[in-house]
Amino acid sequence: MTWPATESPLIGREKELAAAVAALRVAGSPGTLLAGPTGVGKTRLAHEAADRIRGVRVLPVRWPVAGSGLTLAGLTGLLPSVDSRPGGPDPVQLGLLGLRRLAEQGRTILFVDDAHRLDETSLAVLHQAVIEGLVTLLATARTDEPGRDALTALWKDAGVVRIDLAALGPQASDALLVAALDGPVEGRTLRRLCDAAAGNPLFLRELVASALESGLLECPGGLWQLTGPMTAVPRLAELLRGRLADTGTGEREALELLAAGEPVPLPVASAITGEEVLEALERRGLIAVDLGDQPVVRLRHPLYGELLRADTPALGRRRHVRRLADALGAGGPPGPGNLIQSALWRLDGGGPVNPEFMLAAAERAALTREYALAQRFAHRAWSAGGGILAGLASVRALAHLGRADEAVALCVELSEQAAVDGTEEDRCQVAIQHADILVHAADDVQAARTMLELAAGRAGAGAGQPRSDGPVAPGPPGPWRDGIDAYGLYLRSYQLDCTVIDTALATLRRAGPVPFRLAAGSAAGCALLLAGRIAEAEALILETLPLARRHVGASQMQSSGISPFLALVRCYRPDPGSALELARAGYETSLHPPDPVCQALHALVLAQVSLVRGQPRTALRWAQESRLVAGDVGLRPVCRWASAVRVQACVQLGWAVDDALTDLDRYASGPASVRLFDMEVARARAWHGAAQGDGGAGVAVLADAVAEHARLGAVGAATVGALDLVRLGAAGPAARLLDRHPPEPGWALGAAVVRYATAAVAGDAEGLLDVADRFGRYDMPLHAAEAASLAGSRWLAGDEPGGVPRAQLVIDIHLARLAEPVNSPALRRRTAVGRLTAREQQIVLAAAAGERTRSIAQRLHLSERTVENHLNRAYRKLGVAGRAELRGALSAGGLDPN
């Protein structure tokens, strides 16, 4: 794939384009000058503006010898054939003569690209021509080139409108990349490319072209993703190196220093390089100074740093970072704001390090989710004798980076050390961390429970005491034994055990270490959601959230799940709009800096929310991202959940599900696996079966899962599964299961599902329209349309065709609310008997809302008689006698005419 400059989409320049067109459109207008740094899109915008001007000749200014310094070289081809040798006609008058002849032929827009390259005489000619109104000027000029007085005079004195183009903002950069690749882009890939380009369309294009050419940008499952580190970008490197080449020795040294450690505190940079050098570099646009509460200096563009670091010898970089570290240390111990930077400079500079200092930096980096740095700091602290705490910090960072095998190997090493000379706290912390990886990466709950049981048996044993190979009795109670118990509750909730709620809540509210309270809170919250006690689950998560935000120790994986869990609770409250907003904010946060665990979880919740809102295509996009990212970091259970959501989305779109099913089988659960997502897997099997016409085998699997979840107390999950049973035509089993295991009385969605199942079994079409009304108010338009479709089928089967048009009107209105096309099996039962036309729908809704016939006629540019004819035909189709019955029928069908 290529991304030619002439075909690059124009995004994020709407205001600038409108201003340029306005400056060019009026006859006699001096014109416009588009100014900005290299690659910001000046020429692209100029071409777009010129295309918007009709009936006017646009002539480009081209010069055969760029930068030759020849007089009037820029206007070659526009001038008459007159001798311009010394002693000949005045060059300015010669140029004006040519432009006056052009003006005689009609209005002309003169397009001058890179006007800063014109010679002074050509600029003087253009200045005078604009003043005389001979031409309208459309010009571009770079602001990162030396200023030209004659060019400045065009907009300062001659009335040319200057429009400055800054770098694109983050949203525009994202949209540009997605549009150019013609498809969604995985979040970390989006951030890496757009952050590297820093809002410069040219740089972004070159980065993408390089990644495509080198095979590093691929599109698995319809989602673009970088599969490795970015390689060199030759054309871009040549362009940027040219900007950096014209520097003296002192300036080059300063640039290399900043590249080695940016952002650098301004006092540190000034102490090493001197303010005069920094000021000179700032004037040339090579560096930027942020004069905030803690002033810092950085290179103007991220790619400058990449090039400078690549061109600086390894020993030179080490020298630079040692100077930075020494200068920063001269002011005393680093504060929290520059702890990470100081540690990184010490680490990159070589030499001995203080393990306590490195461990503190690792914890700080983990708090800001910079896990790659956290792992480096923690590993260095561990290697320097930092003890088990340093090793555990390294394990947690490795787990978040998806390096599960390394994390497990280090856990084994830490366990052996703790058994010899560690404390009870050490042994329990190692066991909990090891169990955490076994659950979330290896998908082995039984192995995790065994690990905890062994640690509980050894708790309290003295260092070096012999260990029995047989069963061991639990040690005496203590704070870390309580922690193991709390984590055990968390594992039980993962296995659908909802009996943990009261014990977990008691543990959460006892004063104790944050990791144990987090584990207990996660256990209780998970079980409450499974049980369908939605309001309690939301209140609990809001109570737990402040703990998670400032926690970096054990149970950090639970911390990562708090925010997406809250969004999921909101989704099933049901308030999918609020859930979408919360999940989207959490997803964006997970990209700055990259936190792949949070990214995978938030993307998965976004997929789940999209399904609830009737947007299967969007759900498929987010589920695919979750699956890719979770696969990268080794979260096997999350991969299974994401694959199940992908299957459901594909079926609701009417698309093939082969790839999603392959993934679902690849990540299939075993006897010891996490059961938290079993219902999603069963739902996926049922939807696939319905699409394939498997004779009800998939629905039977889902019915069994609903019964099993309800038996274990996971009534909330069972109710969600029962909703799909009704949607797929198995209302009878759903109604029986819900009757035996009713959802919590205060749960709105649960009540709607019960009403749905009972109305479907009874053939109660009015009851089904009531359900459609509820789903419509819950921002679930696809569910609403399906319920109305079933109502229409019941009326038709009961030989009451008069109700069918009402149902179909409800269907059409709710389907119109969907942002995406769907092909749900439940909608395939629809019939077109007596369907209202679009115009009839429009008039019916207006009449039901109380608008008078005359007003409707005037607004729609129809005669009053035509409006009445439409209404009478609609009344017959809907089986009503007039406006009063019409309003009542629409209200009963879930539509508010107002």
Side-chain angles (χ1 to χ4, degrees), residues 36-40 67 116-117 142-148 167 195-200 202-203 206-207 210 229-291 294-331 338 340-342 344-351:
T38 302
V40 80
H116 57 276
R117 298 171 63 188
R142 294 180 188 171
T143 56
D144 48 6
E145 297 284 346
R148 305 279 297 279
D195 287 351
N200 188 298
L202 170 65
F203 294 175
E206 293 293 342
L207 288 169
S210 176
M230 284 292 297
T231 55
V233 188
R235 290 174 295 181
L236 188 54
E238 181 180 352
L239 173 68
L240 295 178
R241 281 196 174 97
R243 297 281 334 277
L244 297 170
D246 190 21
T247 54
T249 303
E251 292 178 339
R252 180 72 183 195
E253 183 85 357
L255 290 172
E256 290 182 355
L257 182 94
L258 293 175
E262 66 175 334
V264 177
L266 179 58
V268 172
S270 298
I272 298 176
T273 67
E275 287 193 4
E276 296 81 2
V277 172
L278 294 179
E279 183 178 348
L281 293 173
E282 185 183 16
R283 287 182 182 278
R284 295 179 54 193
L286 295 176
I287 68 171
V289 180
D290 180 2
L291 297 174
Q294 295 182 323
V296 295
V297 186
R298 66 179 79 240
L299 295 166
R300 172 67 69 178
H301 198 283
L303 293 175
Y304 288 160
E306 296 291 338
L307 286 175
L308 287 163
R309 285 187 288 272
D311 291 345
T312 304
L315 291 179
R317 290 186 63 187
R318 294 188 69 173
R319 174 173 58 83
H320 288 316
V321 294
R322 281 198 299 269
R323 292 176 69 192
L324 288 168
D326 290 343
L328 183 62
N338 50 27
I340 293 176
Q341 197 166 43
S342 177
L344 182 60
W345 290 344
R346 289 295 179 195
L347 196 61
D348 289 345

*Asks:* Using a strict cut-off of less than 4.0 Å between a Lys/Arg side-chain nitrogen and an Asp/Glu carboxylate oxygen, indicate whether Arg284 and Glu251 qualify as a salt bridge.
*Replies:* yes
*Asks:* In this structure, which one of Arg252, Glu253, Arg317 forms a side chain to side chain contact (heavy atoms under 4.5 Å, CB included) with Thr312?
*Replies:* Arg317
*Asks:* Using every non-hydrogen atom in the two residues, find where Asp348 and Val321 come nearest and quote the distance to one decimal.
*Replies:* C-CG2, 3.7 Å
*Asks:* Pro302: what forms a side-chain contact (heavy atoms from CB on, under 4.5 Å) with it, not counting sequence neighbours?
*Replies:* Ala198
*Asks:* Of all residues at least two apart in sequence or in a different chain, which pass the side-chain contact (heavy atoms from CB on, under 4.5 Å) check with Asp326?
*Replies:* Arg346
*Asks:* Side-chain contact test, heavy atoms from C-beta onward, threshold under 4.5 Å: evaluate it for Leu299 versus Leu255 and give yes or no.
*Replies:* yes
*Asks:* If I compare all heavy atoms of Pro37 with all of Thr143, which pair ends up nearest, and what's the gap?
*Replies:* N-OG1, 3.2 Å
*Asks:* Taking Glu262's backbone N and O only, do any of them form a donor-acceptor pair with Arg298's side chain (distance below 3.5 Å, no angle check)?
*Replies:* no
*Asks:* Less than 3.5 Å apart, which donor and acceptor atoms pair up between the side chains of residues 273-280 and the rest of the protein, not counting sequence neighbours?
*Replies:*
{"from": "Thr273", "atom 1": "OG1", "to": "Ala269", "atom 2": "O", "distance (Å)": "2.8"}
{"from": "Glu279", "atom 1": "OE2", "to": "Arg283", "atom 2": "NE", "distance (Å)": "3.4"}
{"from": "Glu279", "atom 1": "OE2", "to": "Arg283", "atom 2": "NH2", "distance (Å)": "3.1"}

*Asks:* Specify the closest pair of heavy atoms between Ala237 and Leu307, including all atoms of both residues, with the distance to one decimal.
*Replies:* CB-CD2, 3.7 Å
*Asks:* Under a 3.5 Å distance rule, please check whether His116 uses its side chain to pair with a backbone N or O of Arg142 as donor and acceptor.
*Replies:* yes
*Asks:* Return the set of residues passing side chain to side chain donor-acceptor pair (under 3.5 Å) with Asn338 (not counting sequence neighbours), or none when no residue passes.
*Replies:* none
*Asks:* Looking only at heavy atoms, what is the nearest atom pair of Gly350 and Arg318, with distance?
*Replies:* CA-NH2, 3.0 Å
*Asks:* Quick one: does Asn200's side chain have a donor or acceptor within less than 3.5 Å of a partner on Ala167's backbone?
*Replies:* no
*Asks:* Mind listing the closest non-hydrogen atom pair of Ala260 and His320 along with its distance?
*Replies:* CB-CB, 3.9 Å
*Asks:* With sequence neighbours excluded, tell me which residues meet ring-ring contact (aromatic ring centres under 6.0 Å, His included) with His301.
*Replies:* Phe203
*Asks:* If only atom types and distance count, is the side chain of Glu256 paired as donor or acceptor with the main-chain N or O of Leu308 below 3.5 Å?
*Replies:* no
*Asks:* Kindly give the heavy-atom pair with the smallest separation between Leu207 and Ala197, and that separation in Å.
*Replies:* CD1-N, 3.8 Å
*Asks:* Within the 4.5 Å heavy-atom criterion, are Ile287 and Arg300 side-chain neighbours or not?
*Replies:* no
*Asks:* List for me each residue that meets salt bridge (charged side-chain N to carboxylate O under 4.0 Å, His left out) alongside Asp290, sequence neighbours excluded, and say none if there are none.
*Replies:* none
*Asks:* Would Val40 and Leu202 satisfy side-chain contact (heavy atoms from CB on, under 4.5 Å), going step by step from the backbone distance to the final call?
*Replies:* CA-CA 7 Å; Val40 80; Leu202 170 65; over 6 Å; no
*Asks:* Any side-chain heavy atom of Glu306 within less than 4.5 Å of one from Leu240?
*Replies:* no
*Asks:* Within the distance-only criterion (no hydrogens, no angle test), does the side chain of Ser270 pair as donor or acceptor with the backbone N or O of Leu266 below 3.5 angstrom?
*Replies:* yes
